[in-house]
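Heads up: the structure comes next, in structure tokens.
For ligands, and for the atoms within them, numbers begin at 1 and follow the listed sequence.
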Amino acid sequence: MNSYISRMLDLTQQRNANEPEFCQAVKEVLDSIAPVIDVHSEYEDFAILERMTEPERIVTFRVSWIDDNGKIQVNRGYRIQFSSLIGPYKGGLRFHPSVNQSIMKFLGFEQIFKNALTGLPIGGAKGGSDFDPKGKSDNEVMRFCQSFMTELYRHIGQDVDVPAGDIGVGAREVGYLFGQYKRIKNAYEGGVLTGKDICYGGSLARKEATGYGLLYYMREMLAASGQTLDGKIVTISGSGNVAIYACEKAYKFGAKVVAMSDSNGCIYDENGIDLDAIKQIKEVERGRIKDYLKFHPEAQYIEKTGEDSPIWTIKTDIALPCATQNELTLNSAKILKENGVIAVGEGANMPCTLEAIDFFVNNGIPLAPAKAANAGGVATSAIEMSQNSMRYYYTFEEVESKLEQIMINIFNSCKDAADMYGCSGNYVKGANIAAFRKLADAMIAQGIV
Ligand code: NDP
């Protein structure tokens, strides 16, 4: 292995020993870019990897709020401003009890590369809190969001850092966050948050963008090996924003989605998942996937009992992990292969373990990597920012056609980079190399900062 990369892998491990997710994300990138480092010794002279793996700034803060019983609650807030190389810091906020610094840093690191692939002027960031919105009343969520923003506002701005949603942060949370920001700043800075509701400055097609974008990428990847989505069986983990709109687009492309999940288990409906029922359960009632049986008693519910999600034991042509990190293990990858999977598309961030990725790649199963395949969300967020700046809005069709073109461009960048560096068909390496080259050159151009 290249000596610079091997030294950097050791250093990352030493300096971030208690951050396994962050070390995993860095390892995936560093393992991929060896052929670039081999022919660009100047990257070592300019300490590109040392700088690229260290966030520009980490902010952590206390979030105190009062629950409906009048009891004081305290959570921890984060904002990792990882890189402003090619634009204002940009990346979502996650509210989930599992949130910690390692998860925030891995997501922020991934975001730099993803945002570079979009071709749009956005840097990389991530933030959130260990607050769990599940089971909280609207008023509790509002009080939490207001307290969170009362600290966060001093670190963000439409030309500084632009947060958006992620797990546990949807239109409701973004609305409460925006309202508090506006109140504190006494200014209507529409572009300070994305994922806003349409009625006060959001973009049409933003809600759909990550899931739709994933399917556009999958369409291009399948086409590269002469296949289409038409008639394919698809399983999608999760039943949140990304999963729902991935399902919607899969149907539009003629595929049949037979299973979806949440953190408790999955449903299997051999007739094809009834997406209206899922939307009613998840977007309106904020219920559990098991509630699907109330709509379709003939479907099957499989409870999650061990570490691996039961959804990956279901026979499928195309697997789309759209829930969370490390949800698809080597064990699940092997079962998917035995069952004849022909392609995998990462809708969530880092949903496949490193071992699962290697297994798919080594067995010739095309894998659409998260930082490329789910970039449609942040790309459309950037389109939302530009609409806010113009004070003018595009139609749904206009935004979607820009999204489609961006996803085609991203796929082509991954493919071209893989071809150029001798790893054709390995889109994981292709994505990392294409993004890395752009960022490394920008870093050299901007001097030692
Ligand atoms: P949502 O909160 O809307 O949905 C998350 C879904 O994943 C839920 O069904 C949830 O189930 C499930 N889930 C969450 N945590 C776990 C877990 N630990 N184990 C099993 N299932 C889990 O989030 P999004 O759909 O927005 O995000 C999903 C993924 O996509 C994340 O990795 C996110 O970072 C990524 N992503 C999102 C983008 C966006 O635009 N929203 C953009 C790019 C990437 P439950 O309800 O039981 O918790």
Heavy-atom contacts with [X] under 4.0 Å: which atoms of ligand 1 show up? List them by number with element.
X	result
R206	40 (O)
R94	31 (C), 32 (O), 33 (C), 34 (O)
S263	11 (O), 19 (N), 20 (C), 21 (N), 22 (C), 45 (P), 47 (O), 48 (O)
G238	9 (O)
A348	29 (C), 30 (O), 32 (O), 35 (C)
N349	32 (O), 33 (C), 34 (O), 35 (C), 36 (N), 44 (C)
T210	38 (C), 39 (C), 40 (O), 42 (C), 43 (C)

Under 4.0 Å from ligand 1, counting heavy atoms only, is it the side chain of [X], its backbone, both or neither?
X	result
H96	side chain
N374	both
R286	neither
C322	backbone

Check for me whether [X] has a heavy atom closer than 4.0 Å to any atom of ligand 1.
X	value
Q325	no
K304	no
R288	yes
G165	no

Only pairs at least two apart or in different chains count here, so list each ring-ring contact (aromatic ring centres under 6.0 Å, His included) that has a residue in residues 253-275.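 Listed by first then second residue: Y216-F253.
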Quick one, F148 with F131, criterion ring pair (Phe, Tyr, Trp, His ring centres under 6.0 Å). Give me CA distance, side-chain angles, the key distance, then yes/no. CA-CA 10 Å; F148 184 86; F131 171 76; 9.1 Å; no
Using a 3.5 Å cut-off on N or O atoms only, is [X] in polar contact with ligand 1?
X	answer
N241	yes
G168	yes
S239	yes

Closer than 4.0 angstrom, basic N to acidic O: yes or no for K182 and E189? no
May I ask you to say whether K105 pairs ionically with E21, meaning some side-chain N is under 4.0 Å from a carboxylate O? no
Among K290, R288, R286, which residue meets the salt bridge (Lys or Arg N to Asp or Glu O under 4.0 Å) test with D262?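 Exactly one pass, corresponding to R288.
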A cation-pi test, strictly: NZ or CZ of K114 under 6.0 Å from the centre of the six-membered ring of F109 and no more than 45 degrees from its axis. Yes or no? no
Strictly by side-chain hydrogen bond (donor to acceptor under 3.5 Å, both in side chains), give each pair with a member in residues 119-128 just once, sequence neighbours left out.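 Residue pairs passing side-chain hydrogen bond (donor to acceptor under 3.5 Å, both in side chains), neighbours aside: K126-D166.
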Does the side chain of K136 reach to within under 4.5 Å of the side chain of R143, using non-hydrogen atoms? no
Please find out if less than 6.0 Å separates the ring center of F436 from that of F113. no
Does the protein place a non-hydrogen atom closer than 4.0 angstrom to atom 39 (C) of ligand 1? yes
Identify the heavy atoms of C352 and Q24 that sit nearest to each other, and give their distance.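 So the minimum-distance heavy-atom pair works out to O-NE2, 4.0 Å.
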